[in-house]
Amino acid sequence: AQSVTQPDIHITVSEGASLELRCNYSYGATPYLFWYVQSPGQGLQLLLKYFSGDTLVQGIKGFEAEFKRSQSSFNLRKPSVHWSDAAEYFCAVGVAGKFYFGSGTKLNVKP
Amino acid sequence: DAGVIQSPRHEVTEMGQEVTLRCKPISGHNSLFWYRQTMMRGLELLIYFNNNVPIDDSGMPEDRFSAKMPNASFSTLKIQPSEPRDSAVYFCASSYVGANTEAFFGQGTRLTVV
């Protein structure tokens with residue numbers, strides 16, 4: 001069965017520091033991969049997606065993610081975090097038309 | 001496009017009552033999903049429609065839950081009778097299968113069953 005693992009439930013970083021959120025998936029082939037962000041009381045907004053090609057993908061708000069097939073990982077990064085990045089981040093895989101989500105990582109940003 | 005539209009945004013109901021959540025997907029999308037989000041279980045896929053037909057309802061927790069999609073522009077998720085443990089945020093999402101695209105989410109309905 002497909003699964004998405006986000007090992008970090010909470011992460012706190014200082015404003016201006018770099019960020020990496022981890023995501024591992026379990027699936028026989030390479031699925032479509034996504035990162036979404038959810039602010040409190042809001043729906044999920046797409047940050048970036050990977051379907052094929054270049055394994056480093058750029059997204060909105062200065063985020064990027066790297067697909068590593070050998071590690072079944074799709075980690076999200078940002079070189080310098082802003083206070084407005086505080087939110088919950090979800091990794092997702094798309095398989096056979098359906099989308100499966102990890103449990104999310106809550107990002108706290110210290111001033 | 002206005003995006004995926006869900007109504008109501010908030011619903012408070014008493015245990016045992018029937019609850020109906022509504023969703024209007026993005027025009028042109030051929031897939032629709034209902035998700036439930038709770039602190040304990042995260043985002044769970046409840047049911048997936050393709051071209052208005054339920055393809056996978058294995059995530060529907062109990063027979064108290066039912067979902068319909070009578071046409072391409074409308075879907076409902078019904079809980080009858082509702083129980084306090086159904087309290088959660090319910091999201092509807094739509095997508096276009098066959099193209100390299102993501103799921104687009106509505107704002108969600110926060111359901112509280114007292």
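Protein chains get the first letters and strands the later ones, always in sequence-line order, with residue 1 at the start of each.
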Does any backbone or side-chain atom of A:Ala92 lie under 4.5 Å from a heavy atom of chain B? Answer side chain, backbone, both or neither. neither

Taking every non-hydrogen pair under 4.5 Å, which of B:Gly108, B:Gly42, B:Gly106, B:Ala103 racks up the most with chain A? B:Ala103

Please flag which part of B:Arg9 lies under 4.5 Å from any non-hydrogen atom of chain A: side chain, backbone, both or neither. side chain

Tabulate below the donor-acceptor pairs under 3.5 Å that side-chain atoms of residues 78-91 of chain B make, not counting sequence neighbours, or state none.
from, atom 1, to, atom 2, distance (Å)
B:Gln80, OE1, B:Glu18, N, 3.2
B:Ser82, OG, B:Glu14, O, 3.4
B:Ser82, OG, B:Gln17, O, 2.8
B:Glu83, OE1, B:Arg85, NE, 2.6
B:Glu83, OE1, B:Arg85, NH2, 3.0
B:Arg85, NH1, B:Glu62, OE2, 2.8
B:Arg85, NH2, B:Glu62, OE1, 3.4
B:Arg85, NH2, B:Glu62, OE2, 2.9
B:Asp86, OD1, B:Arg64, NH2, 2.9
B:Asp86, OD2, B:Arg64, NH1, 2.7
B:Asp86, OD2, B:Arg64, NH2, 3.4
B:Asp86, OD2, B:Glu83, N, 2.8
B:Ser87, OG, B:Pro84, O, 2.9
B:Ser87, OG, B:Val113, N, 2.9
B:Tyr90, OH, B:Asp86, O, 2.7

Atom CG of B:Asp63: over 12 foreign heavy atoms under 6.0 Å: no

Closest approach of B:Thr101 and A:Phe51, non-hydrogen atoms and distance? N-CZ, 3.5 Å

At a 4.5 Å cut-off on heavy atoms, which part of A:Gln45 comes close to chain B: side chain, backbone, both, or neither? neither

Tell me whether A:Tyr25 is reachable from A:Leu56 by hopping between hydrophobic residues (I, L, V, M, F, W, Y) whose side-chain heavy atoms are closer than 4.5 Å. no

Taking the ring of A:Phe99 and the ring of B:Tyr48, is the distance between their centroids below 6.0 Å? no

How long is the gap from OG on B:Ser58 to NZ on A:Lys98, to the nearest 0.5 Å? 6.0 Å

To the nearest 0.5 Å, atom CD of B:Glu102 lies from atom OH of A:Tyr36 at 5.5 Å

Contact origin within A:Leu44 toward chain B - heavy atom pairs under 4.5 Å: both

With a 4.5 angstrom heavy-atom cut-off, which part of B:Met39 approaches chain A: side chain, backbone, both or neither? side chain

Mind checking the CG-CZ spacing from B:Leu45 to A:Phe101? Nearest 0.5 Å is all I need. 9.0 Å

Is B:Gln37 close to chain A through its backbone or its side chain, or both, or neither, when contacts mean heavy atoms under 4.5 Å? side chain

same_hphob_cluster(A:Leu21, A:Val13) at 4.5 Å side-chain heavy-atom cutoff: yes

With only heavy atoms counted, which part of A:Phe34 is less than 4.5 Å from chain B, the side chain, the backbone, both or neither? side chain

Decide whether B:Ile47 and B:Leu43 are clustered together by the hydrophobic rule: side chain heavy atoms of Ile, Leu, Val, Met, Phe, Trp, Tyr closer than 4.5 Å, transitively. no

Neighbour count >12 (heavy atoms, 6.0 Å) for atom CD1, A:Ile60: yes

Considering only heavy atoms, give the residues of residues 102-111 of chain A separated from chain B by less than 4.5 Å, sorted numerically, with 'none' for an empty result. A:Lys106

Is it true that B:Phe105 and B:Leu111 fall in one hydrophobic cluster, defined by side-chain heavy atoms closer than 4.5 Å? no

For B:Asn50, which atoms come within 4.5 Å of any heavy atom of chain A: side chain, backbone, both, or neither? neither

Same cluster (ILVMFWY, side-chain, under 4.5 Å), B:Phe33 and B:Phe49: no

